[in-house]
Amino acid sequence: MDRAEKGAFITAVAFMGVFFALIVYAAKGLNIDVPTCITDVKPFTQGQVIQHAPDRYEIHYLAKMWYFEPANVEVPVGSTVDIYLTSADVIHGFQIDGTNVNLMAIPGTVAYARVKFDKPGVYHIVCHEYCGIGHQDMATKIIVKAGEQQ
Ligand SMILES: [Cu+2]
């Protein structure tokens, strides 16, 4: 290996090492989890919003051709929301704009993510996995309302 080649090789390996270390740090140190297998929640056939406390919510999202259930959920600012997602038919996507939540709705499985809404506003949710002729209209939103923090 000539010197320039060796230099490029070492630089590339160093970059990859830094990227990998930062990803591990984000996942383990900052708890920005990627979706893992959820075994304690059975697939459900109905969407619902469950409120555990003034700022604690659990939303069960059912993705269906071509809408999400429940639609247009409202929560107060500062809320922590546990999101469970499944599909009633085909594979759908689920991404909440302005957050790190980016899940797949796979029939027979439940995907999970936790999100804290620190800023009020309208958070659009889109299906980003092709799911048929109505795919482009498949969206809903979470409305985070200001001034109701408990
Ligand atoms: Cu879809």
Side-chain angles (χ1 to χ4, degrees), residues 11-150:
T11 306
V13 170
F15 266 106
M16 283 190 291
V18 170
F19 291 151
F20 185 72
L22 289 174
I23 289 168
V24 170
Y25 170 69
K28 301 293 166 198
L30 306 176
N31 287 321
I32 302 169
D33 289 323
V34 290
T36 54
C37 183
I38 302 283
T39 52
D40 56 340
V41 180
K42 288 238 157 61
F44 42 87
T45 54
Q46 245 184 333
Q48 59 175 325
V49 181
I50 301 160
Q51 186 175 6
H52 291 293
D55 60 351
R56 296 278 318 175
Y57 289 81
E58 189 177 318
I59 306 178
H60 293 191
Y61 274 107
L62 185 70
K64 246 178 162 173
M65 290 157 130
W66 290 283
Y67 58 92
F68 291 104
E69 193 188 293
N72 305 343
V73 176
E74 278 187 17
V75 298
V77 70
S79 294
T80 299
V81 181
D82 285 317
I83 287 166
Y84 295 91
L85 170 73
T86 193
S87 167
D89 36 49
V90 300
I91 296 177
H92 295 276
F94 183 96
Q95 196 218 334
I96 308 178
D97 237 19
T99 73
N100 283 332
V101 178
N102 188 341
L103 303 171
M104 300 295 292
I106 300 167
T109 72
V110 177
Y112 168 80
R114 172 172 287 181
V115 58
K116 187 164 187 285
F117 291 103
D118 285 325
K119 286 190 198 138
V122 177
Y123 292 76
H124 292 276
I125 298 172
V126 293
C127 173
H128 57 56
E129 180 69 30
Y130 184 66
C131 59
I133 197 114
H135 170 61
Q136 75 277 3
D137 296 322
M138 184 163 169
T140 184
K141 52 198 155 191
I142 294 177
I143 299 130
V144 178
K145 294 203 293 183
E148 287 187 27
Q149 198 155 14
Q150 306 286 319

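These numbers were taken from a predicted model, which means no experiment stands behind them.
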ask   = Do His135 and Asp137 have side-chain heavy atoms sitting under 4.5 Å apart?
value = no
inquiry  = Under a 3.5 Å distance rule, please check whether Thr86 uses its side chain to pair with a backbone N or O of Thr109 as donor and acceptor.
reply    = yes
note = Only one of Tyr57, Phe94, Tyr112 passes side chain to side chain contact (heavy atoms under 4.5 Å, CB included) with Ile83, and that residue is Phe94
ask   = What distance do Ile125 atom CD1 and Leu103 atom CG have between them, rounded to the nearest 0.5 Å?
value = 10.0 Å
request  = Mind listing the closest non-hydrogen atom pair of Ala105 and Ala63 along with its distance?
outcome  = CB-CB, 3.9 Å
ask   = Heavy-atom count around Ile133 CD1 within 6.0 Å, excluding the residue itself: above 12?
value = no
request  = Give a yes or no on whether a salt bridge exists between Asp82 and Arg56, defined as a side-chain N under 4.0 angstrom from a carboxylate O.
outcome  = yes
ask   = At their closest point, which heavy atom of Thr99 faces which heavy atom of Val101, and how far apart are they?
value = OG1-N, 3.1 Å
inquiry  = For Tyr61 and Phe68, take the angle between the two ring planes, folded into 0 to 90°, and tell me which bin it lands in: parallel under 30, tilted 30 to 60, perpendicular over 60.
reply    = perpendicular
task = Check Val49 against Pro70 and note the closest heavy-atom contact, atom names and distance.
result = CG2-CG, 3.8 Å
query = Taking Trp66 for the side chain and Cys131 for the main chain, is one N or O donor matched with an acceptor at less than 3.5 Å?
reply = yes
Contacts table for residues 15-22: side-chain donor-acceptor under 3.5 angstrom, sequence neighbours left out:
none

key: Spacing of Glu58 atom CD and Thr80 atom OG1 [to the nearest 0.5 Å]   = 13.0 Å
query = Looking at side-chain heavy atoms only, is the closest gap between Phe117 and Val77 below 4.5 Å?
reply = no
query = Where is the tightest heavy-atom contact between Asn102 and Pro35, given as atom of each residue plus distance?
reply = O-CG, 4.4 Å
request  = Name all residues meeting the salt bridge (charged side-chain N to carboxylate O under 4.0 Å, His left out) criterion together with Glu74; count only those two or more places apart in sequence or in a different chain, and write none if there are none.
outcome  = Lys145
inquiry  = For the backbone of Gly47 and the side chain of Glu69, can you confirm whether one donor and one acceptor N or O come within less than 3.5 Å of each other?
reply    = yes
inquiry  = Test your reading of the model: is there a side-chain donor-acceptor pair from Thr140 to the backbone of Asn72, 3.5 Å cut-off?
reply    = yes
remark   = Of all heavy-atom pairs linking Ile91 and Met104, the shortest is CG2-CE, 3.5 Å
request  = Report yes if the side chains of Val115 and Asn100 come closer than 4.5 Å at any heavy-atom pair, otherwise no.
outcome  = no
ask   = CD of Gln46: more than 12 outside heavy atoms within 6.0 angstrom?
value = no
message = Let me confirm one number: the NE2-NZ distance from His92 to Lys64, rounded to the nearest 0.5 Å.
response = 10.0 Å
query = What are the two closest non-hydrogen atoms of Ser87 and Leu62, and how far apart are they?
reply = C-CD1, 4.1 Å
request  = Please list, chain by chain and in numerical order, all residues satisfying side-chain contact (heavy atoms from CB on, under 4.5 Å) with Gln48, sequence neighbours excluded.
outcome  = Ile50, His60
